[in-house]
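Have a look at the structure below before the remarks.
Numbers here are sequence positions counted from 1. Only a predicted model underlies this, so the values are computations on that prediction, with no experimental measurement involved.
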Amino acid sequence: MKDKFIELTLGSYIISHGYNAKHKEMMEHIPSDNFSKKLIPVSRIKSISEKYILTDYVDGRWIYWEYAEDYNELKKLLV
């Protein structure tokens with residue numbers, strides 16, 4: 001089955017690389033001065049908040065993206 005995509009306007013993001021030997025989450029913050037359009041497979045979206053959309057990535061990493069869309073409108077598109 002072909003995956004469904006959603007177009008989002010994304011900005012800065014945080015990559016979670018997992019945990020170190022002391023069980024501390026390893027986070028990499030990638031700042032951006034602007035937002036740009038990106039197509040995301042709906043199957044990769046794990047959750048949304050009012051500021052971030054959480055997606056999975058290769059090798060078990062997670063990415064928290066800042067997005068420009070309205071939370072309630074995005075929620076309607078995903079439900």
Identify the two heavy atoms, one from Asp3 and one from Val42, that lie closest to each other, and give their separation to 0.1 Å.
OD1-N, 4.1 Å
Between atom CG of Asn72 and atom CD of Glu50, what is the distance when rounded to the nearest 0.5 Å?
7.5 Å
Is the shortest heavy-atom distance from the side chain of Leu10 to the side chain of Ile40 under 4.5 Å?
yes
Please step through side chain to side chain contact (heavy atoms under 4.5 Å, CB included) for the pair Lys38 and Leu8, ending with a clear verdict.
CA-CA 5 Å; Lys38 184 173 177 76; Leu8 297 172; 5.8 Å; no
Check whether more than 12 heavy atoms from other residues, nucleotides or ligands sit under 6.0 Å from atom NZ of Lys46, and answer yes or no.
yes
Do you know the tightest heavy-atom contact between Ser12 and Ser32?
OG-N, 2.8 Å
Grab the two heavy atoms, one from Tyr64 and one from Met27, that are nearest each other, plus how far apart they are.
CE1-CE, 4.0 Å
Just to verify, what does Tyr67 make a ring-ring contact (aromatic ring centres under 6.0 Å, His included) with, not counting sequence neighbours?
none
Over 60° means perpendicular and under 30° means parallel, so classify the ring planes of Tyr13 and Trp65, tilted if in between.
tilted
Would the number of heavy atoms belonging to other residues, nucleotides or ligands and lying under 6.0 Å from OH of Tyr71 be above 12?
yes
Give me the atom names and distance for the closest heavy-atom approach of Lys22 to Asn20.
N-OD1, 2.9 Å
Between Glu66 and Tyr52, which heavy-atom pair has the shortest distance, and what is it?
CG-CE2, 3.6 Å
When rounded to the nearest 0.5 angstrom, what distance separates NZ in Lys4 from CD1 in Ile45?
9.5 Å
Considering all heavy atoms, the nearest Arg61-His17 contact
CD-ND1, 3.3 Å
